[in-house]
Protein chains: 2
Amino acid sequence: MRICLVMLVIAASLPALADEGLWTFDDFPASAVKKTYGVDVTPAWLDKMRLSTIRMTNCTASFVSPEGLILTNHHCVESCLSELSTKEKSFVELGFAAADRAHEERCLTQLADVLIGTENVTEAVMKAVAGLEEMAANTARKKELTALETNCEQASAKSKSGKLKCQVVTLYQGGQYFLYKYKRYDDVRMVFAPEGEIAAFGGDPDNFQFPRWSLDFAILRAYEKGIPAKTPHYLQINFAGPTAGELVFVAGNPGSTSRLRTKAQLEFDRDLPLPTLLLRASELRGRYIQFGETNPVDAQIIVTPLNSIENGIKVRRKLLDALHDDAFMTRKLDEENQLRASAHLSGVDPWHEIEAATAREREIYLPYTFLENGAGINSALFRDARVILRGTEERAKPNSERLREYTDAAIPRIEQQLFAQVPVYPELEVLTLSLSLERMREWLGPDDPVVRKLLAKESPDALATRLVAETKLDDAAVRKRLWQGGKAAVAESHDPMMEIARTIDGDSRAIRKKYEDEVEAPIASASARIATARFKAYGTNVYPDATFTLRLNYGTVQGWVENGVPIDPFTHLGRAFERATGSVPFKIPDRWLKVKEQLDMSTPFCLSTNNDIIGGNSGSPLIDAEGKIVGLMFDGNIHSIAGDYWFDKTKNRAIALDPAVIREALKKVYGADSLLAELGAT
Amino acid sequence: MRICLVMLVIAASLPALADEGLWTFDDFPASAVKKTYGVDVTPAWLDKMRLSTIRMTNCTASFVSPEGLILTNHHCVESCLSELSTKEKSFVELGFAAADRAHEERCLTQLADVLIGTENVTEAVMKAVAGLEEMAANTARKKELTALETNCEQASAKSKSGKLKCQVVTLYQGGQYFLYKYKRYDDVRMVFAPEGEIAAFGGDPDNFQFPRWSLDFAILRAYEKGIPAKTPHYLQINFAGPTAGELVFVAGNPGSTSRLRTKAQLEFDRDLPLPTLLLRASELRGRYIQFGETNPVDAQIIVTPLNSIENGIKVRRKLLDALHDDAFMTRKLDEENQLRASAHLSGVDPWHEIEAATAREREIYLPYTFLENGAGINSALFRDARVILRGTEERAKPNSERLREYTDAAIPRIEQQLFAQVPVYPELEVLTLSLSLERMREWLGPDDPVVRKLLAKESPDALATRLVAETKLDDAAVRKRLWQGGKAAVAESHDPMMEIARTIDGDSRAIRKKYEDEVEAPIASASARIATARFKAYGTNVYPDATFTLRLNYGTVQGWVENGVPIDPFTHLGRAFERATGSVPFKIPDRWLKVKEQLDMSTPFCLSTNNDIIGGNSGSPLIDAEGKIVGLMFDGNIHSIAGDYWFDKTKNRAIALDPAVIREALKKVYGADSLLAELGAT
């Protein structure tokens, strides 16, 4: 990060940022691409990419047929596969192949959003907060965002294009505000997924590693009104895959980066959230694994939560390593001093203001995390209880007065999740709930007032067991009845999970208020001032941090040099068989072993590129200059994790699945001929 | 730490270091005590304290009767209680009370060492390494230490005082070497321990907290030739306990501190050992707890390992917090610069040399930790296998050529442990072994050569299960036969655990060699140069870091101020009953509830002092000016953990059990009249 800023300052005429960057479609540096690669990125090309790319619940995907077929990662649909599974039959393990369209199964809580348009609303937001002091500005800003979203959705509903989902996106830490308008598909169905063994071949040990052999793809289909959606904007797949050195683009929704966060904020991340979360996650990992060991029959129910927790651990381990690099912190400070010197800011120094706010954040971090962020009551059923309790309270208020997550615009998504009868495994609920209660008692101390409220008479284990055994919230109909019954129905409920939510909601809202007033508000105000200074110095030649909204970047297919050894950018099918041990996570599924002789072992499997991606880009199409898919992003190498903080050109690499191995698998292993035909494979 | 050094430099006439300090008995600042408190600490008084204080396996204790009675902490004898327990009957849970001397049960692996004398051997060691370059010096130094110990033991065996245990102690990071000579008791028996529920009341949540109500004491007895040892040097207990503000001393064996470690070394600790160990320990904690959840019948077998891991987690969490304090790192740097400026060192800067060595240590830390330090093969049976394999190899070499842990002086202790038929629970062995193998594969990567050697064909779980099922090393007789059979017997053994030890021992020794040559050797050399500079500047007014050898310090009974609230230095029995929830760890044992009405609720329970203690001081006597025991140290407050790095006068407090509650318990709850009589209680 320092490298690019310094480059811009000392040599503003250099092409901006080389291949680094999480560019919005509004500000894509087409001229830099033209200059470096001689390729024209036209507005029409950009529109096509934008309209073919999809934001899923926490991933990216793309349309790959005119009839709604969606290509994404297996790990992006793992929760859908879990939700369709039972204890007896796990689609995560077995894979899924719809015999025909009638057997495509709806993912109960999946969404697919396509970005139709964006609108700069910075001025409206700035006007709403003008002249207000920090806390008042923070409240006024949220009100304005709610109003902008509500007005946008209401206006679209009346237009002929049909109702859109509107969301205000905060760019540059509050330097810009945009309204993003999405066409939303809420009926997305499972079409094909390979067995977990091959999709996640290498498992956690190979996660974020390259060379790699994970067949991490899956296929869904968007539906509208019960029939396959018409999707004229889609991307063709070039099953030949790319070549080394080829120019490639990634369109997708990088989730979040911290490249513009201040040093004080990064030190806070280093000292509190990262290590504490790692400790809690590692313990939970141990409990999941031991649960599987002692309950082999039920072991499959921990697969998906375990995968998720292990991925989180690996990411945070490497983030922590990155923040322990004192040289990076020094660069960060230099960068701040440079901007400070050029900015000539009046009033309180905004970096100091942020430092003071993070000092306050350190003080309230633990209660805020355990109470309001739910780390102390880790249970899906409790989360439902809280949503029902707060949602009914908030809905009774005017839209603009509500907590932002309960505005009218947010309600449909809440209801989709709350009313879905997804499986809840009581033994896992007790496990996560008792562990989290125990840790809350450990970290806040046994004499903390909230801890006393919950645990004065029961052990964490006894409380968790009782709550899970006695609550009826595992029944979607019960949840729906309470939600729709509103405040009166909720007030009458003596469901123990609702009681617990009620018991602590006052404390929880209080610590949230404190956080918003004393941490969020001053940081928002100071960040906006820094953003203004940065625009003045660099304009939009600096890209905004990732916000799980649509971005585009470019790069080339290439490996890197690791400890002096060059890493080839392609892997091939044959090596996966050599590397197999016969045990998960290095087990090749039987179905593959049976047809081993027919497979072309020289088929390219995975490939690496220097595109600048981050979590959320999973499932992104890797696109060639013609706009065809030449890869499916599913990971980065180990150095890519530090990409949260800065882009290391020499080592940060993105990892894609080569379309060639998708074709080989669908054709020879799965005999998915009609699917191949719809994908245009010859 | 910086505060005291700066004080000394700018005002050398100030009393040294106030109440801070881990003083050796040779260099105790009696004049400072006299000046501040008006109390004479005479050589006779010091001798008595020294000869009454005991070093246990990893704790401190003291003689409290002329017939070998030993007072220490319950948590110090927990492993002994575990070793005497079975799955069906846990003395950790039930407590232990010998009906009479004939029923005092021998602790299978406990030792009790009394420091008889010390001898400064710095000159001999310096002479042995004079003129050698780093690596050669490192080897020569070790040879000299072995020779000094061996000669000392041989000489003592011929003297009339009888054979002593001799150990060279490295003080001031290599600035001084002393021979410590101990009288060793290897027959130590369990006399009394309360139930785990009251001994560890508050459990992990209350660990390192004050106010506190843990009855953390136990009583052992030293035996010689099958009868109670004669121990004329013992301490009387003053059951009235101390008063607030009273001058008190702690004699004990603080385990290790890092106050003289360099900034580069502390940064290494912060970035690698602490966070990685915390991750592994947290996961293991989760697995133990879940094991207990799903095997309620066997749950007691995890109690002791879980307590140990939880204590380790809490300590390391707070150590990490302390090292994240950038202000402390800045003070550390200032201190180094100050010493550097005053030292006028020639040649390479030793701090830079240490920094370079830690950079190398960062590179080899993971393989060294997983292989040589055993983090990748965490199993008691594997550790036995390695001891047998290496021990038989090493014993075939001349004494001075051996790895230091297998010299003649070390053999008796090895044999005590190896030949003891302590319980081994196969299910826990599989748990720790499979977890550690999995993590080794995760951290070193599946393609690491050693990982491939172990796991190319078996999963971590399958390998662990097979090894534990098939090894015969759980039988002490088998271990003894192999050990005594020497190299030939070991070479013939196809016990799978022996095979595994053999498979990786070459790699393991290789990484150890690398560590010794490239990390240990340059650090030893540079540290000695820093120590010389430090002596030149400050003499022995600076105390050496803790080395699990006998130290003495002084302070007063006092509380502290926490967030503006003064904490009283005493707690009382009544509050324990108010705080009980009925569930472990806040459960008062039934035996106590039955006699509740007879108890004096105003009995002092625990107390805090500002003595400078650290792990290893557990079980230390808290001594008044008359040399009587007025407390039993068992913990420090949460701020005491950072005492590893510096002593915070305002907040660092030690925690002791008040003798009054020991008497109240022995008299009214346990009816231990003869024990009370032997302790001289009226």
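Values reported hereafter were calculated over all heavy atoms of this structure, with side chains retained and with hydrogens, waters and symmetry mates removed. Lettering follows sequence order; numbering is per chain, from 1.
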Interface moiety of Arg439(A) toward chain B, non-hydrogen atoms closer than 4.5 Å: side chain

Under 4.5 Å from any heavy atom of chain B - which part of Glu427(A): neither

Would you say the side chain of Arg280(A) lies within less than 4.5 Å of the side chain of Phe370(A), judging by non-hydrogen atoms? yes

Options Ala580(A), Pro446(A), Pro585(A), Gly445(A), ranked by heavy-atom pairs under 4.5 Å with chain B, top entry: Pro446(A)

Using non-hydrogen atoms only, which part of Arg452(B) is less than 4.5 Å away from chain A: side chain, backbone, both, or neither? side chain

Considering only heavy atoms, which portion of Asn295(B) lies under 4.5 Å from any heavy atom of chain A: side chain, backbone, both, or neither? side chain

Whether Asn637(B) side chain and Lys651(B) backbone form a donor-acceptor pair below 3.5 Å: yes

Any idea which of Ala281(B), Gly202(B), Ala456(B) has the most non-hydrogen atom pairs under 4.5 angstrom with chain A? Ala456(B)

Would you mind checking which part of Asp271(B) comes under 4.5 Å of any heavy atom in chain A, side chain (CB onward), backbone (N, CA, C, O), both or neither? both

Run the side-chain contact (heavy atoms from CB on, under 4.5 Å) test against Ser434(B) and tell me which residues pass, sequence neighbours left out. Arg287(B), Asp461(B), Ala464(B)

Heavy-atom contact with chain A under 4.5 Å, split by part of Thr294(B): side chain

Does the side chain of Arg212(B) reach to within under 4.5 Å of the side chain of Arg575(B), using non-hydrogen atoms? no

Which region of Leu284(B), side chain (C-beta onward) or backbone (N, CA, C, O), has a non-hydrogen atom less than 4.5 Å from a non-hydrogen atom of chain A, or is it both or neither? neither

When heavy-atom pairs shorter than 4.5 Å are enumerated against chain A, which of Arg579(B), Glu267(B), Glu310(B), Glu458(B) gives the highest number? Arg579(B)

Tell me, side chain or backbone of Tyr288(A) under 4.5 Å from chain B's heavy atoms, or both, or neither? neither

Counting heavy-atom pairs under 4.5 Å with chain B, which one of Glu442(A), Glu438(A), Arg441(A), Arg285(A) comes out on top? Arg285(A)

Among Leu455(B), Val430(B), Asp326(B), Leu323(B), the residue with the most heavy-atom pairs under 4.5 Å to chain A is Asp326(B)

Does Phe268(A) have any ring pair (Phe, Tyr, Trp, His ring centres under 6.0 Å) partners at least two apart in sequence or in another chain, and if so, which? Tyr365(A)

Parallel, tilted or perpendicular: ring planes of Phe328(A) versus Tyr645(A), cut at 30 and 60 degrees: tilted

Before you tell me yes or no, could you show the steps for Gln265(B) and Thr358(B) under side chain to side chain donor-acceptor pair (under 3.5 Å), namely the whole-Å CA-CA distance, both residues' side-chain angles and the distance that decides it to 0.1 Å? CA-CA 6 Å; Gln265(B) 289 177 297; Thr358(B) 59; over 6 Å; no

Mind ranking Lys314(B), Gln209(B), Arg270(B), Lys457(B) by heavy-atom pairs under 4.5 Å with chain A and telling me who comes out on top? Arg270(B)

Determine whether Phe208(B) and Arg317(B) make a side-chain contact, defined as any pair of heavy atoms from C-beta on separated by less than 4.5 Å. no

Taking the inter-plane angle between the rings of Phe210(A) and Trp560(A) on a 0 to 90° scale, is it parallel (under 30°), tilted (30 to 60°) or perpendicular (over 60°)? tilted

